[in-house]
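Here, residue 1 is the first one in the sequence, and each next residue gets the next number.
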Amino acid sequence: MGAPRLSSTPLPGIGVRYDLNTREHRRLSVVAHRDGSRTFSAYREDDPDACALSVRLTGSEATALVDALMPDHHSPNLLSTTELGLVAERIELASTSYWNGRVLGDTRMRTDTGASIVAVLRRAEAIPSPAPDFRLAGGDTLIVIGTREGVGAAAAILGRE
């Protein structure tokens, strides 16, 4: 069997649906919603149009699933931070967060934890190296790098409501 075929279908106002037919002739699909969530669906073997399972995942749940399915999915050209004693994590900022609408510098992240916010993912946009005057918003996913302890402390600060 050749490489798996993944097709995509734009869903106006919703996002994009990706369909995969497996070598066992099973159909799987993922709808990437505009809000960052995902809906994973598996279809019946005897009727590929009948959905047997459908699960809605948050952006962070979808990321965790990707990590479980493909723990080495990162490019070998990327810096392997664990060898250096560093970790990189995605931390989602809740809409109820104390930091929603406040500027990044107010978190005192690097000063208090030693961890750095190296990028912010907002909807379909990536903001690399956000400045201290960058205004955070609920639903942002912050890419944080630092020691395990520093990133844990950063998650605790960002989780403040």
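- Taking all atoms of both residues into account, the shortest heavy-atom contact from Asn100 to Gly138 is OD1-N, 2.9 Å.
- Here the side chain of Asp19 pairs no donor or acceptor atom with the backbone of Ser29 at under 3.5 angstrom.
- In this structure, the side chains of Ile117 and Pro130 come closer than 4.5 Å at one or more pairs of heavy atoms.
- Nearest heavy-atom pair, Arg44 versus Ala52, reported as atom, atom and distance to 0.1 Å: CG-CB, 3.7 Å.
- Residue Arg26 qualifies as enclosed at atom CZ: its count of foreign heavy atoms under 6.0 Å is above 12.
- Between the side chain of Ser116 and the backbone N or O of Val118, no donor-acceptor pair lies under 3.5 Å.
- Proximity of Thr141 to Leu93: side-chain heavy atoms (C-beta onward) are nowhere separated by under 4.5 Å.
- For the atom pair Thr22 OG1 and Glu45 CD, the distance stands at 8.0 Å (nearest 0.5 Å).
- Residue Thr39 comes nearest to Ser54 through the heavy atom pair CG2-OG, 3.4 Å, listed as atom of the first residue, atom of the second, then distance.
- Within the 4.5 Å cutoff, no side-chain heavy atoms of Glu92 are placed close to those of Glu61.
- To the nearest 0.5 Å, atom CD of residue Glu149 and atom OG1 of residue Thr147 are 4.5 Å apart.
- With a 4.5 Å cut-off between side-chain heavy atoms of Ile, Leu, Val, Met, Phe, Trp and Tyr, the cluster of Val103 takes in none.
- At distances below 3.5 Å, not a single donor-acceptor pair connects side-chain atoms of Asp140 with backbone N or O atoms of Arg122.
- Of the possible donor and acceptor atoms, one in the side chain of Thr113 sits under 3.5 Å from a partner among the backbone N and O of Met109.
- Remark: Leu11 CG to Arg17 CZ distance equals 6.0 Å, nearest 0.5 Å.
- Residues His33 and Ile14 meet the side-chain proximity criterion, which asks for heavy atoms closer than 4.5 Å.
- In this structure the side chain of Val31 never reaches within 4.5 angstrom of the side chain of Val16, judged on heavy atoms.
- Within the model, atoms CG of Asp106 and CG of Leu104 stand 8.5 Å from one another, a figure rounded to the nearest 0.5 Å.
- Geometrically, Arg38 does not engage Phe40 in a cation-pi contact defined by less than 6.0 Å to the ring centre and at most 45° from the axis.
- The distance from the CG atom of Leu136 to the CG atom of Leu142 is 6.0 Å, given to the nearest 0.5 Å.
- A distance of 9.5 Å separates CZ in Arg27 from CG in Asp47, rounded to the nearest 0.5 Å.
- Arg90 places a side-chain heavy atom less than 4.5 Å from the side chain of Leu121.
- Connection of Ile91 to Tyr98 is established within a shared hydrophobic cluster, with ILVMFWY side chains joined at heavy-atom distances below 4.5 Å, either directly or through further cluster members.
- Residues Cys51 and Leu53 are not in side-chain contact: their nearest non-hydrogen atoms beyond the backbone lie 4.5 Å or more apart.
- Within a 6.0 Å sphere centred on CZ of Arg56, heavy atoms belonging to other residues, nucleotides or ligands number more than 12.
- The hydrophobic clustering, which links ILVMFWY residues whose side-chain heavy atoms are closer than 4.5 Å, places Tyr43 and Leu28 apart.
- Side-chain contact check for Ile145 versus Val151: every heavy-atom pair is 4.5 Å or farther apart.
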